[in-house]
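Just dropping this structure here.
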There are 2 protein chains.
Amino acid sequence: MMEADIFKALADPTRRKVFEKLAGGSLNASALRDGLDISQPAMSQHLAVLRAAGLVREQRQGRFVNYEVDPDGIASIGTWLARYRAYWPKRIAALSDLLKDMDQ
Amino acid sequence: MMEADIFKALADPTRRKVFEKLAGGSLNASALRDGLDISQPAMSQHLAVLRAAGLVREQRQGRFVNYEVDPDGIASIGTWLARYRAYWPKRIAALSDLLKDMDQ
DNA sequence: GCAACACATAAGCATACACTTATGTGTTGC
DNA sequence: GCAACACATAAGTGTATGCTTATGTGTTGC
């Protein structure tokens with residue numbers, strides 16, 4: 001929810017991997033463990049941190065809990081980053097165009 | 001330099017305050033301490049972390065060391081964030097326009 | 001040279017954090 | 001009901017981190 005939580009959440013490499021996986025589409029907690037060599041409780045704890053930070057949101061589906069990227073979290077980072085737009089180098093022009101395109 | 005270092009650096013509230021101060025212009029280490037109730041070594045250590053992350057850069061000026069925002073660090077965050085552009089909500093359109101403006 | 005200053009580094013310590021194993025909660029299907 | 005499953009929570013532990021005090025390094029001006 002706050003910047004503090006967001007940056008703390010993303011400071012951990014495992015959580016960033018999880019978040020990147022979710023960028024490809026929603027997945028349940030077990031599927032997220034694939035290839036990460038991490039225990040089930042550890043994943044559950046990581047997901048709790050990401051959820052508390054507003055970076056992901058969950059959706060119960062039977063016994064499974066599907067996780068997906070929460071656009072609000074992404075927006076928070078964007079808003080924070082916008083404060084430093086005076087320092088964006090020119091070579092980031094391409095990115096800027098991409099962001100513009102998203103609004104259709 | 002790497003994402004890991006950047007997010008770790010920004011995970012600390014004191015370092016975020018320092019970084020925001022520098023967003024207003026370059027300052028030396030002593031000036032950065034104003035209003036932060038932190039020891040001189042602590043500030044020096046925080047600046048070392050921000051520097052290692054590529055978020056700030058230094059410039060010796062006599063006995064003083066001036067610190068300023070390093071555009072490369074900002075760009076790194078922007079590049080990372082761009083991977084999640086599919087999740088940017090529409091209400092961030094204004095930010096997107098701001099970013100576009102920066103390229104003149 | 002040397003005293004005063006601005007900052008960096010070293011060493012030690014208390015707390016935060018990511019992990020583990022063990023157990024609890026809720027859902028499915030027989 | 002109850003066994004199997006998916007996930008969350010509890011409790012404990014080693015390590016990372018941010019702080020402190022003490023000391024080192026480099027610059028200024030007399």
Side-chain angles (χ1 to χ4, degrees), chain A residues 1-22 24-70 73, chain B residues 1-22 24-70 73:
Chain A
M1 212 73 174
M2 311 168 55
E3 288 159 9
D5 299 316
I6 290 180
F7 287 121
K8 265 192 182 181
L10 292 174
D12 182 79
T14 301
R15 282 195 291 266
R16 278 201 310 282
K17 283 180 193 165
V18 169
F19 191 66
E20 288 180 31
K21 278 194 173 193
L22 290 176
S26 77
L27 289 170
N28 60 53
S30 297
L32 283 168
R33 282 182 64 201
D34 291 350
L36 282 187
D37 192 36
I38 204 177
S39 69
Q40 177 268 315
M43 174 58 73
S44 184
Q45 287 160 15
H46 280 309
L47 288 169
V49 171
L50 288 169
R51 202 183 326 124
L55 286 166
V56 307
R57 58 191 179 193
E58 60 176 74
Q59 201 175 357
R60 261 247 165 216
Q61 284 193 342
R63 289 182 291 189
F64 298 84
V65 178
N66 271 30
Y67 284 90
E68 61 183 359
V69 171
D70 187 338
Chain B
M1 214 69 176
M2 309 168 57
E3 289 160 9
D5 299 317
I6 291 181
F7 287 121
K8 267 193 181 182
L10 293 173
D12 183 78
T14 301
R15 283 195 290 266
R16 278 201 309 281
K17 282 179 193 165
V18 168
F19 192 67
E20 288 179 30
K21 278 193 171 193
L22 289 176
S26 77
L27 289 170
N28 61 53
S30 296
L32 283 168
R33 283 182 63 201
D34 290 350
L36 281 186
D37 192 36
I38 204 177
S39 70
Q40 176 267 316
M43 175 57 73
S44 184
Q45 288 161 14
H46 280 309
L47 288 169
V49 171
L50 288 169
R51 200 182 329 122
L55 286 165
V56 307
R57 57 190 180 193
E58 60 177 75
Q59 200 174 358
R60 261 245 166 217
Q61 284 193 343
R63 288 184 294 189
F64 299 84
V65 178
N66 270 31
Y67 284 89
E68 61 182 1
V69 171
D70 188 339

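In what follows, chains are A, B, ... by sequence order, proteins preceding strands, each numbered from 1.
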Atom pair distance, as rounded to whole Å: CG in A/D12 and C1' in D/dA16
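Rounding to the nearest Å, CG of A/D12 and C1' of D/dA16 are 12 Å apart.
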
How close do B/L47 and B/A29 get, counting heavy atoms only, and between which atoms?
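Of all heavy-atom pairs spanning B/L47 and B/A29, the closest is CD1-CB, 3.8 Å.
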
CD of B/Q40 versus P of D/dA22: gap in Å, rounded?
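One finds 14 Å between P of D/dA22 and CD of B/Q40, rounded.
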
Can you measure A/L36 atom CG to C/dA18 atom P for me and round it to whole angstrom units?
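Atom CG in A/L36 sits about 15 Å away from atom P in C/dA18.
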
Whole angstrom is fine here: how far is it from CG in B/D37 over to P in D/dC19?
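Atom CG in B/D37 sits about 11 Å away from atom P in D/dC19.
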
Between CE of A/M43 and CG of A/D34, what distance do you get to the nearest 0.5 Å?
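It comes to 9.0 Å.
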
Value in whole Å for how far the C1' atom of C/dC5 lies from CZ of B/F64:
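Going from CZ in B/F64 over to C1' in C/dC5 covers 8 Å.
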
Nucleotide nearest A/R60 when distance is taken to its side chain, options D/dC19, C/dT27, C/dA22:
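Nearest nucleotide to the side chain: C/dT27.
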
Rounded off to whole Å, could you give me the CZ-to-P distance for the A/R16 and C/dA18 pair?
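Answer to the nearest Å: 11 Å.
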
Among D/dT17, D/dT20, C/dT20, the one nearest B/A42 by side-chain distance
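It is D/dT20.
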
Does A/Q61 or A/T14 map to a spot on DNA chain C nearer the 5' end, using the closest nucleotide for each?
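On the 5' side of the pair lies A/T14.
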
For the NZ atom on B/K21, are there more than 12 heavy atoms of other groups (residues, nucleotides or ligands in this structure) within a distance under 6.0 Å?
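Atom NZ in B/K21 is packed in, count exceeds 12.
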
Would you kindly compare A/V49 and B/A29 by the position of their nearest DNA chain C nucleotide and give the one closer to the 5′ end?
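Taking each residue's closest nucleotide, the earlier one in sequence belongs to B/A29.
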
I need the NE2-P distance between B/H46 and D/dT20, as an integer number of Å.
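It is 9 Å, rounded to the nearest whole Å.
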
Of the nucleotides C/dA8, D/dT9, C/dC17, which one has an atom closest to the side chain of B/S44?
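Comparing C/dA8, D/dT9, C/dC17 against the side chain of B/S44, the answer is C/dA8.
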
Watson-Crick or G-U wobble partner of D/dT21, both distances under 3.5 Å
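Its partner is C/dA10.
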
Give a yes/no on whether any side-chain N or O of A/S39 is located under 4.0 angstrom from OP1 or OP2 of C/dC19.
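Answer no for this pair, as no side-chain N or O of A/S39 is under 4.0 Å from OP1 or OP2.
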
Within this structure, what is the CD-to-C1' distance between A/Q45 and D/dT13, rounded to whole angstrom?
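Going from CD in A/Q45 over to C1' in D/dT13 covers 13 Å.
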
Ignoring hydrogens and geometry, is there a side-chain-to-backbone donor-acceptor pair from B/R16 to B/L10 under 3.5 Å?
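Between the backbone of B/L10 and the side chain of B/R16 there is a qualifying donor-acceptor contact (under 3.5 Å).
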
Closest approach of B/A9 to B/L55 (non-hydrogen atoms, all atoms of both residues):
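Minimum heavy-atom contact is CB-CD1, 3.9 Å.
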
D/dA6 phosphate, OP1 or OP2, under 4.0 Å from A/Y67 side-chain N/O:
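So the side chain of A/Y67 is outside the cut-off, no N or O lying under 4.0 Å from OP1 or OP2 of D/dA6.
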
Counting side-chain heavy atoms from CB outward, which of C/dA22, C/dC19, C/dC17 is closest to A/P41?
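From the listed options, C/dA22 comes nearest.
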
What's the closest nucleotide to the side chain of B/R63 if the choices are C/dT20, D/dG26, C/dA8?
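Minimum distance to the B/R63 side chain belongs to D/dG26.
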
Over all strands shown, is B/R33 touching base, sugar-phosphate only, or nothing at heavy-atom distances under 4.0 angstrom?
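Here B/R33 touches no strand at all.
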
Find the partner of D/dG26: check Watson-Crick (N1-N3 plus N6-O4 or O6-N4) and G-U wobble (N1-O2, O6-N3) distances, both under 3.5 Å, and reply none if neither fits.
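D/dG26 is paired with C/dC5.
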
